[in-house]
There are 2 protein chains.
Amino acid sequence: MEVSASPAAPATALPATFADGVFPAGCPSRTVLDHVTSKWGVLILLALSEGEQRWSDLRRRAEGISEKMLAQTLKTLERDGLVRRDAQPVIPPRVDYSLTARGYELSALLVPLVAWAYDNADDIINGKG
Amino acid sequence: MEVSASPAAPATALPATFADGVFPAGCPSRTVLDHVTSKWGVLILLALSEGEQRWSDLRRRAEGISEKMLAQTLKTLERDGLVRRDAQPVIPPRVDYSLTARGYELSALLVPLVAWAYDNADDIINGKG
DNA sequence: TAAGGTACTTACATGGAAGTTAGTGCCTCG
DNA sequence: CGAGGCACTAACTTCCATGTAAGTACCTTA
């Protein structure tokens, strides 16, 4: 689908809620958006969308993340009800992380976004367009 | 749709590209993702998804943005080929901003994400669910 | 004994995103 | 004449997300 030279018409209709003002400053949705669009939040959510994973798996899959940021990101996502933490009282310790129903809902929206970023990254960075 | 207590199976299949490592550190897609998931980037893209708009319109719609951040965000999005800048040599100056084809593609993915954030914000912040 | 893995926490440092303030040039309106 | 809107730019500051480094407690393997 192509957009002509003068795309005055929106491609997608937004809910009436956003008709003016996108949404108010200080609105909870801003906070939520910040959480889920944070640098590592997206990556962790993405990784977990493929199923339950352990701490060390996540470290490897979200390449470049520090242990501190991993712990912090997981904590935020858990507080937000997006990630489930399942600590098993075994030796050595085993903790499994997985998405909650809400987390799956979100990751379903994130996956196409990340895929798009991946597909268009080179063109964008190289100024081809 | 509900997810049972042990959701070992992914809800969505990811492209094979992400099968391991999400995607490499230092990869261009990380940069692109940072641009499009930036605090104000999302809001501007959202606002423009409803059609061409002027500087002062955008200031009002992305409530809370400073002029500096507006200029900076628009510049980044323009460099990334997502926003088109149309300066008309009239008096008083009139500059229209609109999405490019690529920008529309992206906004189509962003809209459901923001809508989701908006719908779930209260529950998430209040720890319900 | 020592090294290494698992799952973290804590303290401190820093860089870049974001905020603040001010200034520009040109025009219109009262 | 002065106030004010438009579309910015520039300088300076602040703050927080992220990075770095190290420590913890327990267990396994060599």
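Just so we're clear, the structure is a prediction, and the values are computed from it rather than from any experiment. Naming convention: chains lettered A, B, ... in sequence-line order (proteins, then strands); numbering from 1 in each chain.
- Put simply, A:Ser56 has a side-chain N or O that comes within less than 4.0 Å of OP1 or OP2 on C:dA7.
- Whole-Å rounding puts the A:Lys75 NZ to C:dA7 C1' distance at 11 Å.
- Remark: B:Asp57 does not engage B:Arg54 in a salt bridge, criterion side-chain N to carboxylate O under 4.0 Å.
- For the residue pair A:Gln53 and A:Asp96, no side-chain donor N or O sits within less than 3.5 Å of a side-chain acceptor on the partner.
- Salt bridge A:Asp86/A:Arg84: absent, no basic N to carboxylate O contact under 4.0 Å.
- Regarding B:Asp86, its CG atom lies at a distance of 12 Å from the P atom of D:dA7, rounded to whole Å.
- A:Arg59 places its CZ atom 12 Å from the P atom of C:dA7, with the value rounded to the nearest Å.
- Side-chain nitrogen and oxygen atoms of B:Arg94 include none within less than 4.0 Å of the OP1 or OP2 phosphate oxygen of D:dC6.
- Spacing between atom CG of B:Leu70 and atom C1' of D:dT9 amounts to 13 Å, rounded to whole angstrom units.
- For A:Glu63 and D:dG19, the CD to C1' distance is 16 Å, given to the nearest whole Å.
- When heavy atoms are screened at a 4.0 angstrom cut-off, B:Arg85 is found touching the sugar-phosphate backbone but no base atom.
- Here the P atom of nucleotide C:dT6 and the CD atom of A:Gln88 are 15 Å apart, to the nearest Å.
- Between the side chain of A:Ser38 and the main chain of A:Gly41, a donor-acceptor pair closer than 3.5 Å is present.
- Using a 4.5 Å heavy-atom threshold, the side chains of B:Tyr97 and B:Ile44 count as separate.
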- Just by protein heavy atoms under 4.0 Å, how would nucleotides 11-29 of chain C read 5' to 3' in B, S and -? B------BBB-----SS--
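- To the nearest angstrom, P of D:dT18 lies 12 Å from CD1 of A:Ile44.
- Counting heavy atoms from C-beta outward, A:Leu58 and A:Leu74 have side chains that approach closer than 4.5 Å.
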